[in-house]
Amino acid sequence: MPDEQSKRLLKVVFGTESRRRDDGWTPMAKAEFEPQNALSEIIRDNVVEPVAWTVFEKDSKAFFMTKFRALQAIPPSPPQLVKILKSLHQESSSPTGKFGFHTTTYWGPPAMVNG
């Protein structure tokens, strides 16, 4: 059985052949990786650490991989949550100086408008 350090979570996103690779399905893997990576640099103890993402070369599939982390079923207490959010807001900065994220994010297949 693998130890905790070697466990991974793999998420594969795919669409139909009629959808282009850059048309909403496969960019979701990048959209999952980039914010998780940014969050893991600031509040590492509160998010999963991303490992990789890529688009498969010959079809409309992509994957996003993280280190596996067994999450707690109990949310943090209000004071703990405030401490996490305070850290996130005080230690982060926008790469563009504007609200939003530099990578398109998704709510399922539809892209969200950020910025």
(message) Holding to side chain to side chain donor-acceptor pair (under 3.5 Å), I want the full list of residues that pass it with S87, two or more places apart in sequence or in another chain.
(response) E91

(message) If we check side-chain contact (heavy atoms from CB on, under 4.5 Å) with S40, which of these qualifies: T66, V47, D45?
(response) V47

(message) Show the nearest heavy-atom pair for residues A29 and F63, with the distance to one decimal.
(response) CB-O, 3.5 Å

(message) Using every non-hydrogen atom in the two residues, find where A31 and Y106 come nearest and quote the distance to one decimal.
(response) CB-CD1, 3.5 Å

(request) Taking all heavy atoms of V51 and all of K67, pick out the closest pair and write down the distance. (result) CG2-N, 3.6 Å

(message) Quick check for you: to the nearest 0.5 Å, what is the distance between R69 atom CZ and R8 atom CZ?
(response) 14.0 Å

(message) As a test of understanding, state which of L39, L88, L81, I84 forms a side-chain contact (heavy atoms from CB on, under 4.5 Å) with N46.
(response) I84

(message) Ignoring hydrogens, what is the shortest heavy-atom contact between P35 and T105? Give both atom names and the distance.
(response) CG-CG2, 4.4 Å

(request) Enter the distance from L10:CG to F64:CZ here, rounded to the nearest 0.5 Å. (result) 10.0 Å

(request) Quick one: closest heavy-atom pair of T104 and A111, and the distance? (result) CG2-CB, 3.7 Å

(message) I'd like to know if M65 and V12 are part of one continuous hydrophobic network [Ile/Leu/Val/Met/Phe/Trp/Tyr, side-chain heavy atoms within less than 4.5 Å].
(response) yes

(message) Please list all pairs meeting side chain to side chain donor-acceptor pair (under 3.5 Å) that have one or both residues in residues 74-84, counting only residues at least two apart or in different chains.
(response) S77-Q80

